[in-house]
Amino acid sequence: MNAPAVGEQSPAALQAFMDDRGWLNNGERVRAVARAGEGNMNLTLRVRTTQRSVIVKQARPWCEKYPTIAAPIERVLLEGEWYERVGAIAPLAPRLPRVLAIDHAGYVLLMSDLGEHGDYLYLYGGGRLAEAQLDALVWWLATLHLELAGDERASAIENRAMRVLNHEHIFEVPLRPNNGLALDAITPGLDALAAELGHDAPLRRAIERLGERYLGPGRTLLHGDYYPGSWLQAPEPWVIDPEFGFYGLAEFDVSVMLAHLRLSGQPDTLAQRALSRYHAPLDRPLTWAFAGVEVIRRLLGVSQLPLTIGLAAKRSLLQSARQLVLDWASQDLG
């Protein structure tokens with residue numbers, strides 16, 4: 001039985017698929033199969049058996065949420081490598097799922113199930129992130145960056161194809177003329193704001209330079225998409241979905257977190273608290289510039305958030321994001 005059977009999402013298909021790979025114990029039977037979360041990039045299923053609950057995650061040659069966008073299928077294998085490398089670090093491992101098996105031919109991971117805990121996407125609807133939760137998330141990220149800085153095995157996780165895909169959607173598509181995005185269908189008037197920024201030559205040049213930094217050499221292993229959809233609710237939040245992880249600049253990881261604190265309307269004091277508790281070296285102007293780009297792409301790009309704000313609030317966010325990028329560009333000598 002080949003890998004596409006995972007996509008059938010039936011107990012019988014998963015029974016045969018897992019049995020064929022030796023992933024089931026003697027007498028273990030699959031009882032139920034359901035989607036585990038939205039799965040922007042991959043097909044992610046919760047499989048309940050007579051003995052346990054596990055996660056089966058398969059990459060297909062497209063983005064799961066956006067099937068018209070092609071994506072490198074090997075991403076899930078690099079994700080498995082990321083989990084295995086980071087899971088070997090004692091302070092980090094308790095906040096991650098474990099990789100139980102990998103089907104390299106089918107591009108499938110078998111993983112431990114952390115349970116049906118919600119993520120932090122509720123923050124975009126007016127929720128508030130507690131200081132203790134923020135502190136735990138910042139500590140985990142800084143520890144990742146410190147522990148794996150200069151690590152030879154971690155540096156091999158280049159994830160180049162996914163970085164190129166991400167680069168296009170972060171640094172190019174949002175301000176690209178005639179990109180095919182119907183932003184007015186999301187918020188009336190948003191197309192005009194996108195066109196205005198798209199004609200801002202200094203901004204586009206600065207974002208191009210930031211994109212080069214993103215694709216350039218790194219210093220440590222990153223999560224790659226450290227935002228509320230990658231955090232699961234727990235006394236100390238769990239971290240999932242590092243499919244965009246790569247060996248790069250720590251500033252990018254921190255910037256994504258800061259950008260989403262702004263996008264979700266968290267108090268500015270929370271962002272300052274995050275920076276004060278990040279216990280690793282950091283170029284703050286570069287971090288804020290990357291954060292500005294993340295705000296722009298989340299408001300004007302393909303990967304939209306469940307925001308409940310209107311055009312005026314989005315205009316304000318875009319203006320401040322633009323300023324963050326241009327402030328960095330005016331100081332950067334690299």
Please round to the nearest 0.5 Å and tell me the distance separating atom OH of Tyr83 and atom OG of Ser112. 8.5 Å
State whether the side chain of Thr187 and the backbone N or O of Leu190 hold a donor-acceptor pair below 3.5 Å, judged by distance alone. no
If you round to the nearest 0.5 Å, how far is CG of Leu263 from CG of Leu258? 11.0 Å
Counting C-beta onward and ignoring hydrogens, is there a side-chain heavy-atom pair between Asp241 and Asp225 closer than 4.5 Å? no
Does any part of the side chain of Leu300, heavy atoms only, come nearer than 4.5 Å to the side chain of Leu175, both counted from C-beta? yes
Shortest non-hydrogen pair, Pro11 vs Ala32, comes out as CG-CA, 4.3 Å
With heavy-atom distances below 4.5 Å as the criterion, would you say the side chains of Phe290 and Arg213 are in contact? yes
Hey, mind stepping through Glu64 and Arg60 against salt bridge (charged side-chain N to carboxylate O under 4.0 Å, His left out) and telling me if it holds? CA-CA 8 Å; Glu64 200 66 26; Arg60 299 193 277 190; 2.4 Å; yes
For the residue pair Pro177 and Arg204, what are the closest heavy atoms and their distance? CD-NH1, 4.1 Å
Under 3.5 Å, side chain of Arg31 to main-chain N/O of Thr49, donor-acceptor pair present? yes
With distance as the sole test, does Asp184 use its side chain to make a donor-acceptor pair with the main-chain N or O of Asp191 at under 3.5 Å? yes
Is there a donor-acceptor contact under 3.5 Å from the side chain of Arg163 to the main chain of Gly216? yes
Distance, nearest 0.5 Å, that separates OG of Ser230 from CD of Glu243: 7.0 Å
Among all residues two or more places apart in sequence or in another chain, which pass the ring-ring contact (aromatic ring centres under 6.0 Å, His included) test with His169? none
State the OG1-CD distance between Thr50 and Glu28, to the nearest 0.5 angstrom. 5.5 Å
Whether Gln15 side chain and Val30 backbone form a donor-acceptor pair below 3.5 Å: yes
Let me see the working for Glu294 and Arg262 under salt bridge (charged side-chain N to carboxylate O under 4.0 Å, His left out), right down to the final yes or no. CA-CA 10 Å; Glu294 175 69 4; Arg262 286 199 169 185; over 6 Å; no
Applying salt bridge (Lys or Arg N to Asp or Glu O under 4.0 Å), which residue pairs with at least one partner in residues 137-151 are found, sequence neighbours left out? Arg85-Asp151
Hey, could you give me the CD1/CH2 distance between Ile102 and Trp23, rounded to the nearest 0.5 Å? 9.0 Å
Could you tell me if the side chain of Ile89 sits less than 4.5 Å from the side chain of Pro91, heavy atoms only? yes
So that I know where these two stand, are Tyr226 and Trp231 an aromatic pair - ring centroids less than 6.0 Å apart? yes
All side chain to side chain contact (heavy atoms under 4.5 Å, CB included) counterparts of Glu158, not counting sequence neighbours: none
Show every salt bridge (Lys or Arg N to Asp or Glu O under 4.0 Å) that has at least one partner inside residues 314-330, sequence neighbours left out. Asp200-Arg322
Counting C-beta onward and ignoring hydrogens, is there a side-chain heavy-atom pair between Leu77 and Tyr107 closer than 4.5 Å? yes
Co-membership, hydrophobic cluster, residues Leu221 and Leu92, 4.5 Å side-chain: yes
Return a table of donor-acceptor pairs under 3.5 angstrom between the side chains of residues 279-288 and protein atoms on other chains or two or more places apart.
{"residue": "Asp283", "atom": "OD1", "partner": "Leu286", "partner atom": "N", "Å": "3.2"}
{"residue": "Arg284", "atom": "NH2", "partner": "Leu275", "partner atom": "O", "Å": "3.4"}
{"residue": "Thr287", "atom": "OG1", "partner": "Asp283", "partner atom": "O", "Å": "2.8"}

Is it the case that the side chain of Arg46 and the backbone of Val56 share a donor-acceptor pair, with hydrogens and angles ignored and the cut-off at 3.5 Å? no
Are Leu123 and Leu141 connected in the hydrophobic side-chain network, where two residues link if heavy atoms are under 4.5 Å apart? yes
Do Glu168 and Arg176 sit within salt-bridge range, that is, some charged N less than 4.0 Å from a carboxylate O? yes
Salt bridge (charged side-chain N to carboxylate O under 4.0 Å, His left out) for Arg98 and Glu84? Distances and angles first, verdict last. CA-CA 8 Å; Arg98 289 180 297 111; Glu84 290 181 337; over 6 Å; no
Minimum-distance pair of heavy atoms, taken over all atoms of Leu165 and Met41: CD2-CE, 4.4 Å
Any side-chain heavy atom of Val138 sitting closer than 4.5 Å to one from Leu134? yes
State, to 0.1 Å, how close Phe244 and Asn159 come at their nearest heavy-atom pair, and which atoms those are. C-ND2, 3.8 Å
From Leu114 CG over to Gln233 CD, what is the distance, rounded to the nearest 0.5 angstrom? 13.0 Å
Could you pull out all donor-acceptor pairs under 3.5 Å where a side-chain atom in residues 302-310 meets a protein atom, sequence neighbours excluded?
{"residue": "Ser303", "atom": "OG", "partner": "Arg298", "partner atom": "NH1", "Å": "2.9"}
{"residue": "Gln304", "atom": "NE2", "partner": "Leu299", "partner atom": "O", "Å": "3.3"}
{"residue": "Gln304", "atom": "NE2", "partner": "Gly301", "partner atom": "O", "Å": "2.9"}

side-chain hydrogen bond (donor to acceptor under 3.5 Å, both in side chains) partners of residues 73-82, not counting sequence neighbours, each pair once: Asn42-Arg75, Lys57-Glu79
Residue set satisfying ring-ring contact (aromatic ring centres under 6.0 Å, His included) with Tyr122, at least two apart, ordered chain then number -> Tyr120
Would you indicate whether the side-chain heavy atoms of Val99 and Leu110 approach each other to under 4.5 Å? no
Do Leu197 and Leu311 share a hydrophobic cluster, counting only Ile, Leu, Val, Met, Phe, Trp and Tyr and linking them when any side-chain heavy atoms are less than 4.5 Å apart? yes
With sequence neighbours left out, what residues match Ala149 under side chain to side chain contact (heavy atoms under 4.5 Å, CB included)? Thr220
Heavy-atom nearest pair, His167 first then Gly211, reads CD2-O, 3.4 Å
Contacts of type ring-ring contact (aromatic ring centres under 6.0 Å, His included), residue Tyr247, not counting sequence neighbours: none
Looking only at heavy atoms, which two atoms of Val325 and Ala206 are closest? And how far apart? CG1-CB, 3.5 Å
Within-4.5 Å side-chain heavy-atom neighbours: Asn25 and Arg52: yes
Return the set of residues passing ring-ring contact (aromatic ring centres under 6.0 Å, His included) with Tyr214 (not counting sequence neighbours), or none when no residue passes. Phe171, Phe246, Phe252
Membership question, hydrophobic clusters at under 4.5 Å side-chain separation (ILVMFWY): are Leu96 and Leu109 in the same one? yes
Between His223 and Ile240, is there a donor-acceptor pair closer than 3.5 Å when you use the side chain of the first and the backbone of the second? yes
Looking at Val173, is its backbone amide N or carbonyl O close enough to the side chain of Asn179 to form a donor-acceptor pair, meaning the two atoms are under 3.5 Å apart? yes
Could you pull out every donor-acceptor pair under 3.5 Å between side chains of residues 124-131 and any protein atom, sequence neighbours left out?
{"residue": "Tyr124", "atom": "OH", "partner": "His260", "partner atom": "ND1", "Å": "2.7"}
{"residue": "Arg128", "atom": "NH1", "partner": "Gly265", "partner atom": "O", "Å": "3.2"}
{"residue": "Arg128", "atom": "NH2", "partner": "Gly265", "partner atom": "O", "Å": "3.1"}
{"residue": "Glu131", "atom": "OE1", "partner": "Arg273", "partner atom": "NH1", "Å": "3.3"}

Kindly say whether Leu222 contributes a backbone atom to a donor-acceptor pair with the side chain of Asp253 at under 3.5 angstrom? no
Treating Ile, Leu, Val, Met, Phe, Trp and Tyr as nodes and any side-chain heavy-atom pair under 4.5 angstrom as an edge, say whether Tyr278 and Leu270 lie in one connected cluster. yes
